[in-house]
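Only one structure is covered here, and it is reproduced in the block below.
Given the structure is predicted, the values throughout are model-derived calculations rather than measurements. What's counted below: heavy atoms across the whole structure, side chains too, no hydrogens, waters or symmetry copies. Throughout, a chain's letter reflects where its sequence line sits, starting with A, and its residues are numbered from 1.
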Protein chains: 2
Amino acid sequence: MKHTVTAKDVAKLAGVSQSSVSRVFFEGAKVSEKTRAKIIAAAEELGYRPNEFARSLITNRTKIIGIVMKGVQNPFYPQVLKQFAAAFKKKGYSILFVHTNNDEIEAEDVETLLNYNVAGVIITDAVMALTVGEEFKKNKIPVVFFNRKLNSEEFYSVSCNNLDAGRKVAEYFFDKGVSEMAYIAGDADTSTSRDRQKGFQEVLKQKKARYRHYSSDYTYNGGFKTAMHMVAEGDLPSAIFVANDIMALGVLDALKENSIGVPGQTKVIGFDNIEMAAWPAYQLTTWEQPIDKMVHATVTYLLEEIAEYTGAAETFEVDGRLIERSTT
Amino acid sequence: MKHTVTAKDVAKLAGVSQSSVSRVFFEGAKVSEKTRAKIIAAAEELGYRPNEFARSLITNRTKIIGIVMKGVQNPFYPQVLKQFAAAFKKKGYSILFVHTNNDEIEAEDVETLLNYNVAGVIITDAVMALTVGEEFKKNKIPVVFFNRKLNSEEFYSVSCNNLDAGRKVAEYFFDKGVSEMAYIAGDADTSTSRDRQKGFQEVLKQKKARYRHYSSDYTYNGGFKTAMHMVAEGDLPSAIFVANDIMALGVLDALKENSIGVPGQTKVIGFDNIEMAAWPAYQLTTWEQPIDKMVHATVTYLLEEIAEYTGAAETFEVDGRLIERSTT
DNA sequence: CTGAAAGCGCTTACAG
DNA sequence: CTGAAAGCGCTTACAG
């Protein structure tokens, strides 16, 4: 039979009470150095490890962070996942990974997170109905919307300053002497795509330049098809701002397919600065999202709210920067 | 205060005992339809949800699967993670995601998995010291080594039939009339890279062809650098078998950089069939790993072992197939 | 500083 | 089929 070593076993061997054993393994509790030493020795001998479930049952808190993610196709997100895992591990937290298929986080997923009484939740690229957010609020579980701008009094969200980025990209194109430009949008219901567009469009309007819009979906194939379509139309703009890198790669491939020179005939700027953007085949100029800063803000907020729940809402934005490569 | 609804609350409202409430939510227990209905109604009214921790404490089992992963840079693994998440969700299991930095899974990670008393463990691309495996065995926690061939009497491992794949790739090259070929290896301490090499080399030896070996590391940059080096050497083989796709993309980019025609001057075959292999920019011929079959075998084994632990070891291999594109 | 005891929210023999 | 009760392995007032 699987015999799990309990605090009781350790107590017996060390000749102390079970409470003292508990105190040694529960940070913040006080024990004399002498008994601590005895207990540590006994625990090591038996291979004792406190049972997380008993602990959680009584404290009503866990060391688990739920991460809800949809698009593992976009390398941006695995990258983010990795950084979260590393940051939370350092703080003693584990990651419950929830993958949603739909755009919207499913009731079932929320159920899971609630069942495990997660200490905090990060919602990454899925859209979440606000009723679902309320569910977490009711249970005083802090939630961060990552890479989304919510402008909500209810929830904390962290994103890159997409509006500013859109503006800067437009200005950069103008500085390069380009005035005929287009935007290829990502999923229309995402704040990221809308804000990048908004900033971009704003500057064009200021300069009285024509704004051209193409709808797409944040995928490689979406970018590829859109660019093929643009080329087929015959009226190719001399610069294209693509809402994310993975689409931009599709765009570049489509242009290459049509023997359209970049940056000669048209210039391309992406968004994210995923690893592939730096590959020799692409050398994509792009707007870098400061993942580390975004992750840091998320972790800090979550940890603070876990320590003392306030339900504070904020729309936190981090500045990114342009990485110039060979497509502009 | 956060008031969690307990079985007791539901019992009171429904006018039954707490045990009956428990029976309704614990599958396999029997309750009359009448009381079940009353309880369900009361539970819904109160928003009751059984506490997983209390449950786990008493049953000494969880519905959590630990997945240990290292290389999120290689898109193959996020893809795998997604499939596991989907498959286990269907079975009511959740995923505890553990990211290791080192090649070797760290003691700390094992500790975490053990603390949460996970029902099963999947070790994906990390190497694991056998002593660590013993730790799980001692606790009767089934472990699967995914994408690794162990040939161990101790552990279950599932991989693509890499030996066979290596052979088939070599034969394919010969069929194409090529006899000067090279292999670019991935991390040397992985069974995947060694087996692919072995099968490949075996056929070359049979045909008395020269075998050329280049060491690399399963990364894009590794592939790129290796190919640059090969070109610089001056004696480029007329076909290259690259141990995985992400390296093969690096190889293709390096060849392009040197204006070396593919498949004209040299042919390239990768391994995995990641999404990017099908991109127009690459159109990489590759050996497809049947992820779905590999995932299915893993899930089936784990579920069986969770139901009744036997500690059965097996080295399970799944056949892949060649996907012909434009690099051959 | 330490121990005895209550209790977290469940499951599960055991009676009835 | 149902309820009363024990107990899973912890934390945490409460005494001493």
So which protein nitrogen or oxygen atoms get under 3.5 Å of nucleotides 12-16 of chain D's nitrogens or oxygens?
from   : atom 1 : to      : atom 2 : distance (Å)
D:dA13 : N6     : A:Arg23 : NH2    : 3.0

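- Comparing B:Ser20 and B:Ala54, the nucleotide of DNA chain D nearest to each residue sits closer to the 5' end for B:Ser20.
- In summary, the side chains of A:Ser22 and A:Ser19 do not present any donor paired with an acceptor at a separation below 3.5 Å, with no hydrogens or angles considered.
- Atom CZ in B:Arg49 sits 5.5 Å away from atom CD in A:Glu111 (nearest 0.5 Å).
- As rounded to whole Å, 15 Å separates atom C1' of D:dT11 from atom CZ of B:Phe53.
- Under the ring pair (Phe, Tyr, Trp, His ring centres under 6.0 Å) criterion, the residue pairs touching residues 18-47 of chain B are B:Phe25-B:Tyr48, with sequence neighbours excluded.
- Atom C1' of nucleotide C:dT11 and atom CD of B:Glu52 are separated by 13 Å, given to the nearest angstrom.
- Atom P of nucleotide C:dC10 and atom CG of B:Asn60 are separated by 18 Å, given to the nearest angstrom.
- In this entry the distance linking CG of B:Leu57 with C1' of D:dC8 reads 4 Å, nearest Å.
- Across the protein-nucleic acid pair, A:Tyr48 atom OH and D:dG9 atom P stand 10 Å apart, rounded to whole Å.
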Query raised in the report: Starting at the 5' end of DNA chain C, what dot-bracket string do you get if Watson-Crick and G-U pairs under 3.5 Å are bracketed, crossing pairs use [ ], other-strand pairs use | and unpaired bases use dots?
Result: |||.||||||||.|||

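- In this entry the distance linking CG of B:Asn115 with P of D:dG9 reads 15 Å, nearest Å.
- A:Phe25 places its CZ atom 10 Å from the P atom of D:dT11, with the value rounded to the nearest Å.
- Listed by first and then second residue, the ring pair (Phe, Tyr, Trp, His ring centres under 6.0 Å) pairs involving residues 70-94 of chain B are B:Phe84-B:Phe146 (not counting sequence neighbours).
- When distances are taken from the side chain of B:Ser32 to each of D:dT2, C:dT11, D:dC10, the shortest belongs to D:dT2.
- The stretch residues 293-315 of chain B participates, sequence neighbours left out, in these ring pair (Phe, Tyr, Trp, His ring centres under 6.0 Å) pairs: B:Tyr156-B:Tyr301.
- A heavy atom lying under 4.0 Å from DNA chain C marks none of the residues of residues 34-47 of chain B.
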**Report entry** Derivation and outcome, side chain to side chain contact (heavy atoms under 4.5 Å, CB included), residues A:Val318 and A:Asn161
**Finding:** CA-CA 5 Å; A:Val318 182; A:Asn161 190 333; over 6 Å; no

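- Look at CD on B:Glu33: it is 10 Å from P on D:dT2, rounded to the nearest Å.
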